[in-house]
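Structure first, then comments.
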Amino acid sequence: MPPTMYSNNLADYGPVVDAEIFPDVNAFLKMKNFGTPETFAPVKLLVDTGSNISGLDFNIISALQLPSYSDTEEWVQGQGGTWQVKRFGCVLYLPIFGKKALKIEVLGGNYKEASIDGVMGRDVLRFCELRYNGVKNAFSLVAKGF
């Protein structure tokens, strides 16, 4: 039985979850249902409640050859200023999802200086319940609707 909750201590890195990124649904299904080795990337994603869309490092996007959703770039405003970014398609798997995954769009970014591979925004968190325990300096993430 898959875990229904992911929990972690926040002291070192903040709310970071382990996940897997697949280039498409077929690659995910082959790996999870048949154990067939497929192209995927294990990643560490920072839970970012301030972001309405998830983001992924350009190195992972390139390695998995994720498809771009448009040839045009978008302007996104964040803490470091305003940036031009592209959207890419992928499939996100979290262990709390069991045998299911989410087909999502991610924004390309540069996370090579950080200890993470990207961020998980509200586009994914809407399928989860996030709890923060300030006293214990810990968080938990539970899948909802799976």
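Everything quoted here is computed from the prediction, not taken from an experiment.
Side chain of Asp117 to backbone of Lys44: a donor-acceptor contact under 3.5 angstrom is found. Looking at Arg131, its side chain never comes within 3.5 Å of a backbone N or O of Phe139 through a donor-acceptor pair. Remark: the backbone N or O of Met31 is not paired with any side-chain donor or acceptor of Thr36 at under 3.5 angstrom. Tyr93 places a side-chain N or O within 3.5 Å of a backbone atom of Gly98 that can act as its donor or acceptor partner.
For the atom pair CG of Asn33 and NZ of Lys99, the computed distance is 6.0 Å after rounding to the nearest 0.5 Å. Atom NZ of residue Lys144 and atom CD1 of residue Ile96 lie 10.0 Å apart, to the nearest 0.5 angstrom. Annotation: the span from Leu107 atom CG to Arg87 atom CZ amounts to 5.5 Å, rounded to 0.5 Å. Between atom CD of residue Glu105 and atom CG of residue Leu92 there is a gap of 13.5 Å, rounded to the nearest 0.5 Å. Considering CG of Leu56 and CG of Leu64, their distance stands at 7.5 Å, rounded to 0.5 Å. One distance of note links OG of Ser140 with CG of Leu130; it measures 7.0 Å at 0.5 Å rounding.
Scanning all heavy atoms of the two residues, the minimum distance from Leu66 to Phe88 falls at O-CD2, 3.6 Å. For the residue pair Ser54 and Gly121, the shortest heavy atom distance occurs at OG-N, 3.0 Å.
The shortest distance between side-chain heavy atoms of Cys128 and Val142 does not fall below 4.5 Å. For the pair Met120 and Leu94, the minimum side-chain heavy-atom distance is below 4.5 Å. With contacts defined as side-chain heavy-atom distances shorter than 4.5 Å, the pair Ile21/Val91 does not qualify. The side-chain heavy atoms of Lys32 and Phe22, taken from C-beta on, include a pair separated by under 4.5 Å. You'll find the side chain of Val119 reaches within 4.5 Å of the side chain of Tyr111, heavy atoms only.
In summary, the side chains of Asp57 and Asn59 do present a donor paired with an acceptor at a separation below 3.5 Å, with no hydrogens or angles considered.
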inquiry  = Does Leu141 form a side-chain contact (heavy atoms from CB on, under 4.5 Å) with Leu125? I'd like the steps, not just the answer.
reply    = CA-CA 9 Å; Leu141 191 64; Leu125 291 174; 3.9 Å; yes

